[in-house]
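Beneath this line is the structure, given in structure tokens, with notes to follow.
Chain identifiers are assigned alphabetically (A, B, ...) following the order of the sequence lines, protein sequences preceding nucleic acid strands; residue numbering begins at 1 within each chain. Side-chain atoms are counted along with the backbone in the values below, which use heavy atoms only and exclude waters and symmetry mates.
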2 protein chains.
Amino acid sequence: MAQKIKLSTIAETLGVSTATVSLALRDSPLVASVTRDKIKDQARALGYIYNRRAASLRTSRSGIIGVVVHDIMNPFYGEILKAIEAELDRDRQTFILSNHYDSVEKQRVFIETLLQLGGDGVIMSPAIGTPPEDIKLAEDNGMPAILVARSIEGVDVPIFRGDDAYGISLATNHLISLGHRCIAMVGGTDLTSTGRDRYLGYVQALRKANIDVDPDLRIPGPRSMQGGFEAAVHLLSLPQKPTAVVCWNDLVAIGMMNGIARAGLVPGRDVSVTGYDDLEEAAIATPALTTVWNGQSDVGRSAARALLDRLNGSHEPDGIHLIKPEMRIRQSTGPLRLQQGD
Amino acid sequence: MAQKIKLSTIAETLGVSTATVSLALRDSPLVASVTRDKIKDQARALGYIYNRRAASLRTSRSGIIGVVVHDIMNPFYGEILKAIEAELDRDRQTFILSNHYDSVEKQRVFIETLLQLGGDGVIMSPAIGTPPEDIKLAEDNGMPAILVARSIEGVDVPIFRGDDAYGISLATNHLISLGHRCIAMVGGTDLTSTGRDRYLGYVQALRKANIDVDPDLRIPGPRSMQGGFEAAVHLLSLPQKPTAVVCWNDLVAIGMMNGIARAGLVPGRDVSVTGYDDLEEAAIATPALTTVWNGQSDVGRSAARALLDRLNGSHEPDGIHLIKPEMRIRQSTGPLRLQQGD
DNA sequence: AGAGGGTTTAAGAGCGCTTTCAGGCATTGC
DNA sequence: GCAATGCCTGAAAGCGCTCTTAAACCCTCT
């Protein structure tokens, strides 16, 4: 690299002031279009690189937005991220992505880093146990926060997520309507709002159908294919095997179906399985997975939009924005078969 | 937010100069430890946020490293990213992640943004058709680049990737040793170095075993489960059905197995399938997938290490660093069965 | 021709931090 | 007891950009 090209370099070679160059590059109407074009051509010719650190030091607007979720490799968050990315791209915002893996510590480091970089805002799916102070840390330093997918108590920032209780009740009711009475629930934890809401939806649906809730049929925890696979092994070893399983998400459901298949049973015939999220994988699983679409793309898009609006002054009303999930019925669920039937 | 706390705020409240505060926070030996502790306590008490933009404007080191790959949601890149993340975290570097979706344009925008932010370096898996100038753009502006997973012609920056030709030959030879002669290859394109190398490995393995290469048995393109699923439908409709399939990656292989199962055949018995990458999913697929471990974590870790070393002055030798893949034999491959056998 | 109006450009003061260099103060050696 | 030796601290310049204020310029109109 020959030498750093800066505004003043362009100004000198053209015999104008740096102010004019700055204005011209920013398309200010204060600069004549002839001058502006001349300046832009010269900038290109010299290979000028705009220095955002210097600019944002002055303007205190960095164009950086942070996004932090549990795990960006989890397809559920992946679909939210894609929607956020698309929305932010349209506004030419740079976004910084990070996993917190449910470590409050890692999440706080991320927020602090973002503040140091002068981030304009942050979209987060908070780690389990996130203290409200960590959100306030961002807000107090002029960095608005928006939550997605999970709520936390004691903060009043906008939240976008699916209506979990309703969504899981859709799945549970579907199984009940197929004649199932012994329905397990696999995955989720009481440590997140999502976990609590989904379990609630499951319990309420059972109660409404006058089915007793058997605590042995709840296996909290699993979130991955691996987890679903292991849960299958466990459930199929119970004296009273469930005939249907409501899974935390599609990954768990696919793992569950694999586990059922390994045991020599046929998912969808011997044991019905529902997923949650309606990932791309769901439709091509074997058998195709009955699941609940959770509005990931809506969540991502709306959250990004809300943040951008907020940055532009129009203060979006705070509070929870629930997206209504929808049922996707495929082949992994079927009518109850009698014990020794076939 | 009450008011911006800066170095000078701390300095004033303590009656020392800003220089002392700066030095103290940076743990300079020039400041007495008593003073240093007092300053640090005060900084914490006031809720001071270090302004990296201002600092990096002065030091021209930002602590930001860019990482751009085809698609962060693709588990193959995901495992590379995890390794990079772990390595960069140890050096307290912030990293900015992006997808390019094989758009050279999007990739260039990313590089430019990174330059504007003063990025210290960039790790990239270049988009198909990346012109060498785009890499030079980074290097010429003092931002070292490291390539992962894919090579491109005409640049001499360090490259870390698996030995694709060798890896695919492992899979192909494995199938040949099981008696298969009619072996399809699904996925990959001649547009990437990886695609060319893997096809080459496949062809060479067949030739060495005196098996004719049938162009109809190559289906370029698929990369996803969906793609593998569709390829299965196509292959099983051929007059001369293949008895084994070498797949581009594990996702394609899993999709392929789903497609085979949908057709009423048993993967691993009726049609053998190999994957590539050895993702977590491979081991729990049904049947468990025979695949080739491609050293993703090694690639990520080494690439990050190389970049950090380079930033610290020790100039890593350029050139290609090949990681040796390894075979993982599971249940999705089995001996050739005679046409009407069983 | 001069004034008034509109348009275009220049000047300059920071944004918050780093870092060198010189000077102040206390301690030690003779 | 006095000079020398460390150890700390403060002053100040400047990283590259923005943006307001004010001045310069060029018309047009009277």
Side-chain angles (χ1 to χ4, degrees), chain A residues 1 3-40 42-43 46-64 112-113 115-120 141-142, chain B residues 1 3-40 42-43 46-64 112-113 115-120 141-142:
Chain A
M1 121 173 119
Q3 181 222 332
K4 205 88 186 170
I5 307 295
K6 40 186 173 172
L7 274 193
S8 62
T9 318
I10 301 176
E12 280 165 21
T13 61
L14 248 37
V16 298
S17 79
T18 60
T20 308
V21 177
S22 171
L23 259 13
L25 292 179
R26 232 107 297 297
D27 284 325
S28 160
L30 296 175
V31 175
S33 62
V34 183
T35 316
R36 169 155 37 81
D37 291 346
K38 210 166 53 185
I39 289 175
K40 285 193 168 180
Q42 182 73 340
L46 292 175
Y48 170 68
I49 305 274
Y50 177 61
N51 187 330
R52 283 221 239 172
R53 334 214 263 308
S56 86
L57 183 56
R58 190 66 229 270
T59 60
S60 56
R61 221 22 214 296
S62 65
I64 293 178
E112 279 166 4
T113 301
L115 284 171
Q116 294 181 357
L117 292 173
D120 292 338
N141 286 284
Chain B
M1 116 176 126
Q3 182 221 333
K4 206 87 188 173
I5 308 294
K6 37 188 175 172
L7 274 193
S8 62
T9 317
I10 302 177
E12 280 166 23
T13 62
L14 248 38
V16 299
S17 78
T18 61
T20 307
V21 177
S22 172
L23 257 14
L25 293 179
R26 234 103 299 297
D27 284 326
S28 160
L30 294 175
V31 176
S33 61
V34 182
T35 316
R36 171 155 37 80
D37 291 346
K38 211 167 51 184
I39 289 175
K40 285 193 171 181
Q42 180 74 340
L46 291 175
Y48 170 68
I49 304 275
Y50 177 61
N51 188 330
R52 282 221 238 173
R53 336 214 263 308
S56 87
L57 184 56
R58 189 67 227 271
T59 60
S60 57
R61 223 19 214 298
S62 66
I64 292 178
E112 280 167 3
T113 301
L115 284 170
Q116 294 181 356
L117 292 174
D120 292 339
N141 285 285

Checklist entry - A:L57 side chain: which of C:dG16, C:dC17, D:dG10 is closest? => result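 In terms of side-chain proximity for A:L57, the closest of C:dG16, C:dC17, D:dG10 is C:dG16.
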Next on the checklist: Under 4.0 Å, heavy atom to any atom of DNA chain D: which of residues 26-40 of chain A qualify?
Outcome noted: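 Within this stretch, A:R26 sit under 4.0 Å of the strand.
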Using the test side chain to side chain contact (heavy atoms under 4.5 Å, CB included), find all partners of [X] that sit at least two apart in sequence or belong to another chain.
| X | answer |
| --- | --- |
| B:A55 | B:Y50 |
| B:S60 | A:R53 |
| A:S62 | A:S56, A:I64, A:D120 |

Polar-atom pairs under 3.5 Å, protein N or O versus N or O of nucleotides 22-27 of chain C: list them with distances, or write none.
none

Checklist entry - Looking at B:Y48 and B:I5, what are the two nearest heavy atoms and their distance? => result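 Taking B:Y48 first and B:I5 second, the nearest heavy atoms are CD1-O, 3.5 Å.
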Next on the checklist: If I take atom CD1 from residue B:I49 and atom CG from residue A:L115, how far apart are they, to the nearest 0.5 angstrom?
Outcome noted: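 It comes to 4.5 Å.
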Next on the checklist: Any side-chain N or O of B:Y48 below 4.0 angstrom from OP1/OP2 of C:dC17?
Outcome noted: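 Checking B:Y48 against C:dC17: at least one side-chain N or O falls below 4.0 Å of OP1 or OP2.
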Taking atom [atom2] of [N] as reference, at what distance in whole Å does atom [atom1] of [X] sit?
| X | N | atom1 | atom2 | answer |
| --- | --- | --- | --- | --- |
| B:L25 | C:dC17 | CG | P | 9 Å |
| B:I10 | D:dG10 | CD1 | C1' | 17 Å |
| A:R52 | D:dC17 | CZ | P | 13 Å |
| B:R61 | C:dT19 | CZ | P | 12 Å |
| B:N51 | C:dG16 | CG | P | 7 Å |
| A:E12 | D:dG16 | CD | C1' | 13 Å |
| A:Y50 | D:dG16 | OH | C1' | 10 Å |
| B:L14 | D:dT9 | CG | C1' | 13 Å |

For nucleotides 11-14 of chain C, tabulate all protein N/O to nucleotide N/O atom pairs closer than 3.5 Å, reporting atom names and distance.
unit_1 : atom_1 : unit_2 : atom_2 : d
C:dG14 : N2     : A:R58  : NE     : 3.4
C:dG14 : N2     : A:R58  : NH1    : 3.3

Atom pairs and distances, donor-acceptor, side-chain atoms in residues 14-21 of chain A, under 3.5 Å, two or more places apart:
unit_1 : atom_1 : unit_2 : atom_2 : d
A:S17  : OG     : A:A19  : N      : 3.3
A:S17  : OG     : A:T20  : N      : 3.3
A:S17  : OG     : A:T20  : OG1    : 3.1

Checklist entry - Looking across every strand, which nucleic acid part, if any, lies under 4.0 Å from B:T59 by heavy atom: base, sugar-phosphate, or nothing? => result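 Sugar-phosphate contact only.
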Checklist entry - Taking side chain as C-beta onward, heavy atoms only, is B:T9 less than 4.5 Å from B:K4? => result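 No - every pair of side-chain heavy atoms lies 4.5 Å or more apart.
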Item to check | B:A54 vs B:V16, nearer the 5' end of DNA chain D by closest nucleotide | outcome: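 In this pair, the answer is B:V16.
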Could you give the side-chain donor-acceptor pairs of residues 23-40 of chain B under 3.5 Å, partners two or more places apart or in another chain?
unit_1 : atom_1 : unit_2 : atom_2 : d
B:D27  : OD1    : B:K40  : NZ     : 2.8
B:S28  : OG     : B:L30  : N      : 3.0

Item to check | Qualifying residues under side chain to side chain donor-acceptor pair (under 3.5 Å), relative to A:T13, sequence neighbours excluded | outcome: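 Testing A:T13 for side chain to side chain donor-acceptor pair (under 3.5 Å), a comparison that skips the adjacent residues, returns A:Q42.
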Next on the checklist: Using a 4.0 Å heavy-atom cut-off to protein, can you give one letter per nucleotide of nucleotides 23-28 of chain D, 5' to 3': B if the base is in contact, S if only the sugar-phosphate is, - if neither?
Outcome noted: ------
